[in-house]
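Because only heavy atoms are used, hydrogens play no part in the values below, and waters and symmetry mates are left out as well, while side chains stay in. None of the values given here were measured: they were computed from a predicted structure.
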Amino acid sequence: MPSTIPPLHTDFLERVRAEVVRDTRLNALLAGGSYIHGGFDQHSDLDFVVVVEDDKYPEVMASRHDFAQRVGDLLAAFTGEHVGEPRLLICLYGPSLIHVDLKFVRSADMVSLIERPAVLFARDPEHIQARLDAAAIAWPNLAPEWFEQRAWVWLHYGATKLMRGELFEALGILAFFREQVLGPMLHRRMGRPQRGVRRMELLSDEASRTLARTVATHDAMSVRAALLAAIDMYVDLRSDDVPREMVRGMPEALVSYLDESISATK
């Protein structure tokens with residue numbers, strides 16, 4: 001167990017482990033996220049993977065909320081379809097408040113992982129370790145072409161919101177663009193897995209200052225300046241790993257479009 005894990009998280013982890021041990025339908029408890037990457041503090045989530053007996057999987061999936069309620073004072077929970085992971089149950093416990101992710105899988109599902117989790121409990125440790133040893137473990141980094149084909153569409157969409165005076169929408173697009181494009185590309189530049197804007201303030205003062213230029217206030221000229229900064233930043237980051245085919249006419253066409261916004265918003 002990491003030495004930095006706070007007492008609240010330690011106590012909760014032990015409750016989850018005890019419930020997995022008690023429930024014979026469950027074969028193992030694994031932990032990922034900050035537990036294995038470091039930087040664990042009182043604000044960290046707990047990310048658990050619960051390995052279920054194959055023939056009991058439908059039954060356990062149907063009663064996930066019951067499991068979540070047994071391990072603590074559950075305030076709210078919902079499944080993870082919005083992040084493409086319906087096996088995930090996202091939970092908030094409290095007081096004291098703590099965010100806990102519970103993902104329920106079969107051992108056969110562990111063929112492709114984004115990280116190697118720590119084994120907190122296993123009825124058959126050798127079987128679980130063998131599964132983890134055989135798994136393909138790789139962070140789902142995105143190719144330059146993925147960014148290039150999306151960046152200009154999303155930036156143009158933000159510009160149209162500016163032109164319409166829909167500034168809250170434009171601010172939302174800028175935040176989305178930082179999370180989906182600029183943050184991952186900044187992590188790529190630092191030789192790190194592409195993880196949005198996660199911990200950017202702690203990783204690089206220079207990157208944080210540059211990224212901050214894409215944060216706007218609810219003001220048309222501020223939004224325009226942030227969009228132009230996002231364009232410049234993307235073009236700079238794109239040079240680290242140039243796409244095989246770049247979108248024709250960009251960034252010039254989009255800058256010209258934004259120039260129109262000056263008169264449109266006056």
| Between CG on residue L228 and CG on residue L254, distance to nearest 0.5 Å | 8.0 Å
| field | F121 with F12, same ILVMFWY side-chain cluster at under 4.5 Å | value | yes
| Electrostatic pair R116:D133 at N-O distance under 4.0 angstrom | yes
| query | Roughly how far, to the nearest 0.5 Å, is the CD1 atom of I5 from the OG1 atom of T10? | reply | 4.0 Å
| note | Here the gap from F78 atom CZ to L88 atom CG, rounded to the nearest 0.5 Å, amounts to 8.5 Å
| task | Check step by step if side-chain contact (heavy atoms from CB on, under 4.5 Å) holds for R106 and D109. | result | CA-CA 5 Å; R106 295 164 295 196; D109 296 331; 3.4 Å; yes
| Any chain of hydrophobic side-chain contacts (each under 4.5 Å) joining M185 to L203? | yes
| Can you check whether L142's main-chain N or O pairs, donor with acceptor, with Q194's side chain at less than 3.5 Å? | yes
| task | Start with the C-alpha gap between E53 and E59, add the side-chain angles, then the distance that decides, and say whether side-chain contact (heavy atoms from CB on, under 4.5 Å) holds. | result | CA-CA 10 Å; E53 283 277 359; E59 176 185 325; over 6 Å; no
| query | For E145, which of R150, R244, R238 qualifies under salt bridge (Lys or Arg N to Asp or Glu O under 4.0 Å)? | reply | R244
| Taking C-beta and beyond as the side chain, do D73 and P95 meet within less than 4.5 Å on heavy atoms? | yes
| field | D236/R189 ion pair, N-O < 4.0 Å | value | yes
| query | Got a sec: does the CZ of R248 have more than 12 other heavy atoms crowding it under 6.0 Å? | reply | no
| With distance as the sole test, does R192 use its side chain to make a donor-acceptor pair with the main-chain N or O of H187 at under 3.5 Å? | no
| said: Under the side-chain hydrogen bond (donor to acceptor under 3.5 Å, both in side chains) definition, can you give me all pairs with a residue in residues 85-96, not counting sequence neighbours? | reply: E85-R87
| Are L30 and V16 co-members of a hydrophobic cluster defined by side-chain heavy atoms under 4.5 Å apart? | no
| Heavy-atom closest pair, residues D47 and G33 | OD2-CA, 3.6 Å
| field | Donor-acceptor pair, side chain of R15 and main chain of R70, under 3.5 angstrom | value | no
| Looking at side-chain heavy atoms only, is the closest gap between R25 and S63 below 4.5 Å? | yes
| message | Could you report the tightest heavy-atom contact between K161 and A170, atom names first, then the distance? | response | CB-N, 3.8 Å
Acceptor/donor pairs from residues 209-219 side chains to any protein atom, 3.5 angstrom cut, sequence neighbours excluded:
from : atom 1 : to   : atom 2 : distance (Å)
T210 : OG1    : E206 : O      : 3.0
T214 : OG1    : R178 : NH1    : 3.3
T214 : OG1    : L211 : O      : 2.7
T217 : OG1    : S222 : OG     : 3.3
D219 : OD2    : M221 : N      : 3.1
D219 : OD2    : S222 : N      : 2.9

| Does F176 CZ have over 12 foreign heavy atoms under 6.0 Å away? | yes
| For P144, does its backbone N or O pair with a side-chain atom of R188 as donor and acceptor, under 3.5 Å? | no
| said: Are the side chains of Q129 and V119 in contact, using a 4.5 Å heavy-atom criterion? | reply: yes
| query | About how many Å separate CD1 of I90 and OG1 of T79, when rounded to the nearest 0.5 Å? | reply | 8.0 Å
| remark: Smallest heavy-atom separation, S204 atom then M190 atom, equals CB-SD, 3.9 Å
| message | Please check this pair: side chain of E148 against backbone of E245, looking for a donor-acceptor N/O pair closer than 3.5 Å. | response | no
| query | Which is it for L227 and F177 under the side-chain contact (heavy atoms from CB on, under 4.5 Å) test, yes or no, and what are the steps along the way? | reply | CA-CA 10 Å; L227 284 166; F177 194 73; over 6 Å; no
| said: I'd like to know if the side chain of Y35 reaches the main chain of D45, judged simply by a donor and an acceptor atom lying under 3.5 Å from each other, with no hydrogens or angles considered. | reply: no
| field | Full working for side-chain contact (heavy atoms from CB on, under 4.5 Å) between M233 and L186 | value | CA-CA 10 Å; M233 192 172 182; L186 278 168; 3.3 Å; yes
| field | Minimum side-chain heavy-atom gap L29-V49 below 4.5 Å | value | no
| note | So CZ of R164 and CG of L162: to nearest 0.5 Å the spacing works out to 12.0 Å
| query | Side chain of R17, backbone of L13: donor and acceptor closer than 3.5 Å? | reply | no
| request: Give, for atom OG of S256 and atom CD of E252, the distance between the pair rounded to the nearest 0.5 Å. | output: 10.0 Å
| task | Flag the pair M61 / P86 as yes when at least one side-chain heavy-atom distance between them is below 4.5 Å, and no otherwise. | result | no
| request: Would you indicate whether the side-chain heavy atoms of Y57 and D54 approach each other to under 4.5 Å? | output: no
| field | Single hit among V51, V21, V50 for side chain to side chain contact (heavy atoms under 4.5 Å, CB included) with L26 | value | V50
| query | Do you know which two heavy atoms are closest between V71 and A68, and how far apart they sit? | reply | CG2-O, 3.3 Å
| request: Taking all heavy atoms of S44 and all of H9, pick out the closest pair and write down the distance. | output: O-NE2, 2.8 Å
| task | Give a yes or no on whether F67 and L46 share a hydrophobic cluster (residues Ile, Leu, Val, Met, Phe, Trp, Tyr; joining criterion: side-chain heavy atoms under 4.5 Å apart). | result | yes
| task | Indicate yes or no: at least one non-hydrogen side-chain atom of Y234 is less than 4.5 angstrom from one of P251. | result | no
| said: With a sphere of 6.0 Å drawn around CD of E81, does it hold more than 12 non-hydrogen atoms of other residues, nucleotides or ligands? | reply: yes
| Nearest non-hydrogen partners of M200 and A207, listed with the distance | SD-CB, 4.1 Å
| field | Same apolar cluster (I L V M F W Y, side chains within < 4.5 Å links), I128/I36 | value | no
| said: Any heavy-atom pair between the side chains of L258 and I231 that's under 4.5 Å? | reply: yes
| So, Q69 side chain and L74 main chain: donor-acceptor pair closer than 3.5 Å or not? | no
